[in-house]
Each structure stands twice: as C-alpha cells, then as structure tokens.
K.L.:
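One structure, as structure tokens, below. Some questions next.
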Amino acid sequence: MGMIQKGLLIAASLVFTSAAFALDKIAVYDPQKAMLSTEVAKQRVTALQSTVEFSALNARFESLKSDLDKLNKEAQTNGMTWSQEQKLAHRKKMEYTNADLQLAQKKLNAELNDAGKLVIQELQVKAQDILRQIVIAEKIGLLLNSNSALFANAEFDITAKVTDALNKSQ
C-alpha cells in the first residue's frame, strides 16, 4: 500500500470515527417541564388564577389554612385545661377543617393540572419538531427522558433549549 493510500485510509477512518463520535452525544429532556415553563403556560396560569372561581377557591383554601393554624395554637395554649370531651370536640373540628383544607388543595391542583394539560396538548407537536431540530443540530445519538435518568449533569439537559425555542416560536 502506497503512502497516499495509507493517508486516505487514515483520513477515511478519522472521518468515520468523528462521525461515530458525533452521534455519541447523550442528552436528557423533560417534555412536560419544557412546555410548562413556557411563557404561554405562565400566561395561562396567571389567567386561571385571576378567574373569580379560582380566586374564591384559593381564598377558601387560605381561610381554612388560617383556621387550622388557629385551632393548633388554641390546642397548644389551652389544651392542658380541657376536659376529655373538649379535647375530643377540638380534635374532631381540626380533622374536619384539615379534610376541607385537603379537598380545597386538591381542587386547586386539579384546576392547575387541567390548565397544564391544555398547554401540553397545544404545544406538543411544536415541541416535538423543535426537539427533533435540536437533536439533529447537536448530533445527539441518545436522548433520555430526564425523569428516567438516575443522574445527569446540567450540561446534558436540553429542556431549557426546547423551552426557549418554544417561547421564540410564539
């Protein structure tokens, strides 16, 4: 084999090796976080929070939280002087208030989750297109859902890049 042929063989192997290395890049991505961190998502949450229904539910939650705090302080302050019946009545009142508080919290979370689901449905196709473009541009050979990865340095996470591109596409 001549010197030129050896040189071409080495050059070809370097090109092949660099192409293989180019596709060895690994990244992680959280699709929900990418879409729910967009300006669109933030605007939807703000709009939801400003509705009369959500505001009333949130006010109810805060009121119940305050009531529960007062009941706790009352028990700490006066509980030692109460009869068994008073302690039982107070404990029952705290349990009922706590149950109402948890229900209000579940309702608030459900409203926010529903708004989030709508944003995800709206942005899903666009996010997939953007993700595909980033994978190609950055020559990513393996993409993992960040929720499935046991560990990944921040430099491997492309979630913010997808979010930024979604924001710019609006």
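Model, not experiment: these values are computed from the prediction. These values consider heavy atoms only, across backbone and side chains, with no hydrogens, waters or symmetry-generated copies.
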K.L.:
Linking I/L/V/M/F/W/Y whenever any side-chain heavy atoms sit under 4.5 Å apart, do L166 and V135 land together?
P.N.:
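Yes.
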K.L.:
Once rounded to the nearest 0.5 Å, what's the spacing between atom NZ of K117 and atom CD of Q32?
P.N.:
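If I round to the nearest 0.5 Å, the distance is 9.5 Å.
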K.L.:
What residue pairs, at least two apart or across chains, pass ring pair (Phe, Tyr, Trp, His ring centres under 6.0 Å) with a residue in residues 139-170?
P.N.:
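Listed once each, the pairs would be none.
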K.L.:
Please determine whether residues M35 and L112 belong to a single hydrophobic cluster, defined as Ile, Leu, Val, Met, Phe, Trp and Tyr linked transitively by side-chain heavy-atom distances below 4.5 Å.
P.N.:
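No, separate clusters.
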K.L.:
Quick check: closest heavy atoms across A34 and T163, and the distance to 0.1 Å?
P.N.:
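Smallest interatomic distance, heavy atoms only, reads O-OG1, 2.8 Å.
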K.L.:
Enumerate the residue pairs fulfilling ring pair (Phe, Tyr, Trp, His ring centres under 6.0 Å) with a member in residues 33-85, sequence neighbours excluded, ordered by first and then second residue.
P.N.:
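Found W82-H90.
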K.L.:
Under the 3.5 angstrom rule, does the side chain of Q170 hit a backbone N or O of N167 as a donor-acceptor pair?
P.N.:
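Not at all, since once roles are kept as given, no pair shorter than 3.5 Å links the two residues.
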K.L.:
Which salt bridge (Lys or Arg N to Asp or Glu O under 4.0 Å) pairs, counting each pair once, include a residue from residues 143-158, with sequence neighbours left out?
P.N.:
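Qualifying pairs: none.
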K.L.:
Is L123 reachable from V45 through a run of I, L, V, M, F, W or Y residues, each pair having side-chain heavy atoms under 4.5 Å apart?
P.N.:
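Unlinked, V45 and L123 end up in two clusters.
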K.L.:
Working to the nearest 0.5 angstrom, can you tell me the gap between T97 OG1 and L64 CG?
P.N.:
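Spacing of OG1 (T97) from CG (L64) equals 6.5 Å.
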K.L.:
Would you mind listing every salt bridge (Lys or Arg N to Asp or Glu O under 4.0 Å) that reaches into residues 30-50, with sequence neighbours excluded?
P.N.:
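Salt bridge (Lys or Arg N to Asp or Glu O under 4.0 Å) check on residues 30-50 returns E39-K42, R44-E122.
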K.L.:
In chain order, what residues pass the side chain to side chain contact (heavy atoms under 4.5 Å, CB included) check against A27, with sequence neighbours excluded?
P.N.:
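I140, L143, I158.
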K.L.:
Which value, rounded to the nearest 0.5 Å, describes the distance between K107 atom NZ and Q105 atom CD?
P.N.:
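K107 NZ to Q105 CD: 12.5 Å, rounded to 0.5 Å.
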K.L.:
Apply side chain to side chain contact (heavy atoms under 4.5 Å, CB included) to residues K126 and D129 and explain how you reach the verdict.
P.N.:
CA-CA 5 Å; K126 193 179 286 190; D129 289 342; 5.7 Å; no
K.L.:
Quick check: do L101 and N98 have side-chain heavy atoms less than 4.5 Å from each other?
P.N.:
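Yes, close enough: below the 4.5 Å cut-off.
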K.L.:
Side-chain donor-acceptor contacts of residues 67-81 below 3.5 Å, not counting sequence neighbours, with atom names and distances?
P.N.:
{"unit_1": "N72", "atom_1": "ND2", "unit_2": "L68", "atom_2": "O", "d": "3.4"}
{"unit_1": "T77", "atom_1": "OG1", "unit_2": "K73", "atom_2": "O", "d": "2.8"}
{"unit_1": "T81", "atom_1": "OG1", "unit_2": "N78", "atom_2": "O", "d": "2.8"}

K.L.:
Keeping to residues at least two apart or across chains, list the side-chain hydrogen bond (donor to acceptor under 3.5 Å, both in side chains) pairs with something in residues 45-63.
P.N.:
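Non-adjacent pairs meeting side-chain hydrogen bond (donor to acceptor under 3.5 Å, both in side chains): zero.
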K.L.:
Does the side chain of I134 reach to within under 4.5 Å of the side chain of I130, using non-hydrogen atoms?
P.N.:
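A side-chain contact exists here, since the closest heavy-atom pair is under 4.5 Å.
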K.L.:
Tell me, please, which residues at least two apart from N113 pass side-chain hydrogen bond (donor to acceptor under 3.5 Å, both in side chains).
P.N.:
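Listed in chain order: nothing, the list is empty.
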K.L.:
Would you say L118 ends up clustered with L36 if hydrophobic residues are merged whenever their side chains have heavy atoms under 4.5 Å apart, either directly or through other cluster members?
P.N.:
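Different clusters.
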K.L.:
Indicate yes or no: at least one non-hydrogen side-chain atom of N145 is less than 4.5 angstrom from one of Y29.
P.N.:
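Not touching, per the 4.5 Å side-chain cut-off.
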K.L.:
Salt bridge (Lys or Arg N to Asp or Glu O under 4.0 Å) with D164: which residues, sequence neighbours excluded?
P.N.:
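By the salt bridge (Lys or Arg N to Asp or Glu O under 4.0 Å) rule, D164 matches no residue at all.
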K.L.:
Only counting residues at least two apart or in another chain, list the ones meeting side chain to side chain contact (heavy atoms under 4.5 Å, CB included) with A41.
P.N.:
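A41 satisfies side chain to side chain contact (heavy atoms under 4.5 Å, CB included) with T38, V119 once adjacent residues are dropped.
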